[in-house]
Amino acid sequence: MKTSQLLIPTLREAPGEAETVSHRLMLRAGLIRKVASGIYTYLPLGLRVIRKVEQIIRDEMNRAGAQELLMPMASPAELWKETGRWDFYGKELLRFKDRHERDFCLGPTHEEIITDLFRREVKSYRQLPLNFYQIQTKFRDEIRPRFGLMRGREFLMKDAYSFDRDDAGARENYQKMYDAYHRIFTRCGLTFRAVEADTGLIGGNSSHEFMVLAETGEETVVYTDSGTFAANVERADVLPPDSVENTASLPLRSVSTPNCRSIEEVTAFLKVPSHRLVKTLLYSTGKETVAVLVRGDHAVNEIKLKKALGVPEIELAGPATVEKATGAPVGFAGPVGLKGIRILADQAIPALKNVVVGGNQLDTHYIDANWGRDFTADQTLDLRNAQAGDPSPKKDGILKATKGIEVGHVFMLGTKYSQTMNATFLDAQGKECLAVMGCYGIGVGRSAAASIEQNHDDRGIIWPYPIAPFHIHLIPVSQSDKTNEMTVRLYAELQAAGFEVLWDDRDDRAGVKFNDADLIGAPFQVVVGDKGLAEGVVEVKVRRTGIKTRVTPTELIQHLRSAVPHVDAAPSSH
RNA sequence: CGGGGCGUAGCGCAGCCCGGUAGCGCGCCUGCUUUGGGAGCAGGAUGUCGGAGGUUCAAAUCCUCUCGCCCCGACCA
């Protein structure tokens with residue numbers, strides 16, 4: 001392709017809206033443009049990258065025995081009402097009515113649609129197992145879209161759904177997908193890690209997320225060096241404390257703590273470490289208000305809390321609710337003498353002695369409060385996030401934490417959907433059985449964005465060869481006939497040799513072309529100019545290393561062919 | 001949803017506090033020169049100052065409403 005045939009609106013300065021590296025570079029290199037919050041147009045260069053990622057996914061999905069189909073974006077409310085997700089999915093589900101006032105939504109995921117297809121078309125165990133996938137635009141009306149393609153509202157996703165006769169079959173499909181995902185992300189040039197994860201709105205029995213390790217990741221992963229344990233903090237179990245503190249209980253005392261509302265303020269004022277505090281958080285479930293006790297240095301895990309309460313949504317109680325429940329303004333809630341609401345305590349709480357808690361009165365805390373004597377809870381269980389320094393739940397060491405970008409997620413669904421939607425088949429005995437399902441997603445655009453997060457320098461993108469929009473950026477830097485003839489010749493030869501070539505045929509200065517080439521990030525740059533040609537050579541620059549090699553035009557293709565296998569091997573400046 | 005911020009030329013921004021009819025850099029167009037890491041000179045085009053209302057002789061600037069976008073938080077107890 002010639003640049004004159006392609007819209008590649010590179011930007012010297014990044015638009016102010018972009019914060020993260022990948023978002024900035026995608027805008028600057030002319031890959032995407034925003035249409036509305038979380039909604040983007042893929043420009044020609046961006047689309048080429050997307051297509052590369054898609055093709056890798058197709059290859060590996062097909063290889064793993066899945067078959068491609070395409071489901072609609074819009075789906076009728078009835079199917080969603082069947083599984084209950086019409087209500088359960090909340091505001092993320094973008095709903096609308098057609099001209100007949102029928103309810104529809106834009107598909108955020110497709111379990112309902114595929115399960116409906118299955119129950120209509122599949123009758124016999126002889127047809128199983130099955131695994132369907134599609135690469136399709138999804139719409140989720142995110143609370144807060146951000147970081148360009150990283151968290152859009154409209155985005156491309158590969159989703160796959162497997163149907164099996166039994167659990168063993170489902171596990172086999174799950175494993176196949178798990179392995180396929182490893183190959184896909186490896187081929188995309190990503191450094192990633194599979195971790196145990198929560199199943200969220202999809203539901204099911206268990207799941208793994210594929211996390212690209214990057215500072216800008218929105219997820220936190222905890223893991224052990226031994227490699228046997230890795231999980232999203234949302235999901236990671238926390239072991240109960242192994243012993244109760246062995247200290248004599250001191251008498252309970254009420255102290256004045258003027259204006260000390262936060263953990264920081266209280267610890268600073270009373271000069272006690274935060275793990276000597278118990279914080280009391282009030283949550284509203286919609287039906288009731290509950291108090292949750294966790295240690296001052298711990299964070300409530302709202303997913304664990306929701307499960308404990310058996311409700312889909314919770315939120316921190318507002319100031320009015322807090323005053324009503326505790327009799328004090330926000331900042332002074334505590335379990336001592338707290339009546340009329342349910343109290344849930346993290347399992348770490350009973351092991352503590354002589355702690356600081358809120359006094360349920362303005363500017364007041366209790367010190368030396370003790371479990372059993374001064375306060376207790378209706379329930380004690382694991383309610384907090386795992387954090388670095390905790391012992392691993394697999395007892396294989398101490399946890400470390402890192403940030404990750406979730407690019408893929410595989411779920412064992414079990415019969416959650418086949419049950420509610422009555423997706424059954426007849427087994428060899430003629431007995432009606434529920435299909436055992438799995439589902440498997442990959443964020444296509446997010447994978448591309450994650451790749452930029454891991455592969456860039458201060459000059460621009462450094463695409464891994466398999467997903468680069470072009471393999472070679474061909475850059476003539478002189479406008480002589482000699483240079484032009486050589487460029488035309490190399491353009492033809494390189495393409496004939498199977499390379500995807502972007503020929504910068506603009507009438508621009510060399511510096512402009514070099515800078516755009518570095519920004520766009522093709523793995524190789526081939527520079528043709530009078531200076532080199534006078535000595536019978538052209539120049540090959542490897543984008544990742546910046547190393548330039550002078551080769552004769554005849555050697556060029558051989559040189560590139562032998563360089564391709566190593567081009568992604570060198571570490572980026574990151 | 002809460003908090004903060006921003007909407008002025010294609011992009012990045014100034015002007016707003018203290019009202020007087022819009023500017024800078026880059027980009028874009030024309031010409032000449034230049035041509036191996038974002039060229040020089042000369043000339044030129046481009047704005048309903050996000051939108052609506054109000055105050056005023058006069059509004060980008062003050063007031064009200066509204067729309068859009070961005071950031072932070074949702075661990076504050």
Side-chain angles (χ1 to χ4, degrees), chain A residues 9-20 23-24 27-28 30 33-39 90-91 143-148 233 257 260-266 274 277-284 289-302 305 313-319 321-323 325-335 338 346 356-362 364-365 383-385 387 459-460 475-480 483 506-519 525 527-534 537-539 541 546 548 550:
Chain A
T10 55
L11 262 27
R12 190 182 290 207
E13 293 169 282
E17 70 192 37
E19 199 70 6
T20 53
H23 190 192
R24 262 204 307 271
L27 290 169
R28 284 193 57 211
R33 284 295 183 265
K34 187 173 69 184
V35 177
S37 181
I39 298 177
K91 288 184 181 157
I143 298 177
R144 190 171 151 209
R146 57 183 137 181
F147 307 150
V233 277
T257 50
C260 295
R261 291 184 165 78
S262 67
I263 293 294
E264 292 71 33
E265 287 160 350
V266 175
S274 56
L277 267 67
V278 169
K279 43 180 179 182
T280 306
L281 286 78
L282 296 175
Y283 278 90
S284 301
T289 304
V290 298
V292 177
L293 310 181
V294 293
R295 221 168 73 179
D297 59 330
H298 289 161
V300 168
N301 180 317
E302 296 193 352
L305 180 58
E313 285 303 327
I314 53 170
E315 58 178 24
L316 278 166
T321 315
V322 172
E323 281 215 53
T326 68
V330 170
F332 303 98
L338 189 60
D346 180 67
V356 177
V357 298
N360 294 328
Q361 194 184 326
L362 178 66
T364 306
H365 280 77
L383 287 176
R384 70 166 174 102
N385 279 343
Q387 57 194 33
R459 305 192 57 77
I475 308 168
V477 292
S478 314
Q479 48 291 303
S480 65
T483 290
R506 292 176 302 175
D507 184 20
D508 258 310
R509 304 174 70 82
V512 174
K513 296 186 182 183
F514 289 144
N515 280 302
D516 270 355
D518 286 347
L519 179 59
Q525 293 169 19
V527 180
V528 186
D530 289 352
K531 226 163 75 182
L533 290 180
V537 296
V538 296
E539 203 171 80
K541 175 177 148 181
K548 297 171 189 166
R550 291 148 65 86

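Within every chain, numbering begins at 1; the chains are lettered A, B, ... in the order of the sequence lines, protein sequences first and strands thereafter.
- Atom CD in A/Glu19 sits about 15 Å away from atom C1' in B/G12, given to the nearest Å.
- A/Thr483 contributes a side-chain N or O that, together with a main-chain N or O of A/Asp530, makes up a donor-acceptor pair within less than 3.5 Å.
- Rounded to whole Å, atom P of B/C70 lies 11 Å from atom CZ of A/Arg146.
- In this structure, B/U55 forms no base pair with any nucleotide, since neither Watson-Crick nor G-U wobble geometry is met with both distances under 3.5 Å.
- Side-chain atoms of A/Asn515 and A/Arg459 form a donor-acceptor pair, as typed in the model, at a separation below 3.5 Å.
- Formation of a donor-acceptor pair under 3.5 Å by the A/Asp518 side chain with backbone atoms of A/Gly460 is not found in this model.
- In this structure, B/C11 forms a base pair with B/G25, meeting either the Watson-Crick or the G-U wobble geometry with both donor-acceptor distances under 3.5 Å.
- Using N1 to N3 plus N6-O4 or O6-N4 for Watson-Crick, or N1-O2 and O6-N3 for G-U wobble, each under 3.5 Å, B/C49 pairs with nothing.
- Per the geometry, CG belonging to A/Leu338 stands 16 Å off P belonging to B/A77, to the nearest Å.
- A 4.5 Å side-chain heavy-atom check between A/Ile475 and A/Val528 finds every atom pair outside the cut-off.
- Nucleotide B/C32: paired with B/G40 (Watson-Crick or G-U wobble, both distances less than 3.5 Å).
- Side-chain N or O atoms of A/Lys513 include none that pairs as donor or acceptor with a backbone N or O of A/Val527 at under 3.5 Å.
- In the region residues 290-298 of chain A, proximity to RNA chain B at under 4.0 angstrom, judged on heavy atoms, holds for A/His298.
- Atom-to-atom, NZ of A/Lys34 to P of B/G10 comes out at 16 Å; the value is rounded to the nearest Å.
- In this structure, A/Arg33 places its CZ atom 16 Å from C1' of B/C69, rounding to the nearest Å.
- The residue A/Ala328 sits apart from the nucleic acid: no heavy atom pair falls under 4.0 Å.
- In this view, A/Glu265 and A/Cys260, A/Arg261, A/Ser262 satisfy the side chain to side chain contact (heavy atoms under 4.5 Å, CB included) rule, not counting sequence neighbours.
- Each of B/G12, B/A74, B/C69 was ranked by its minimum atom distance to the side chain of A/Glu13; first place goes to B/G12.
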What does the B/S/- profile of nucleotides 34-43 of chain B look like, 5' to 3', with a 4.0 Å heavy-atom cutoff to protein? BBBBBB----

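- With a 4.5 Å cut-off on side-chain heavy atoms, A/Leu533 and A/Val538 count as touching.
- Residues A/Ser478 and A/Lys531 form no side-chain contact, since every pair of their non-hydrogen atoms from C-beta on lies 4.5 Å or further apart.
- Under the Watson-Crick and G-U wobble criteria, each requiring two contacts below 3.5 Å, nucleotide B/A60 is left unpaired.
- Closest to the side chain of A/Leu281, from the set B/A74, B/C11, B/A77, is B/A77.
- Residue A/Thr280 places its side chain closer to B/A77 than to any other of B/C11, B/A74, B/A77.
- Regarding A/His365, its NE2 atom lies at a distance of 8 Å from the P atom of B/A77, rounded to whole Å.
- If you check B/C6 for Watson-Crick or wobble pairing at under 3.5 angstrom, you find it paired to B/G68.
- Between A/Arg28 and A/Asp516, none of the side-chain N atoms (NZ, or NE/NH1/NH2) sits under 4.0 Å from a carboxylate O, so this pair counts as no salt bridge.
- When both distances must be under 3.5 Å, the Watson-Crick or G-U wobble mate of B/C1 is B/G73.
- Within the 4.5 Å cutoff, the side chain of A/Leu27 has heavy atoms near those of the A/Glu17 side chain.
- Evaluation of atom-type donor-acceptor distances gives no pair under 3.5 Å for the side chain of A/Glu17 against the base of B/G7.
- Straight-line distance from the CZ atom of A/Arg261 to the P atom of B/A77: 11 Å, rounded to whole Å.
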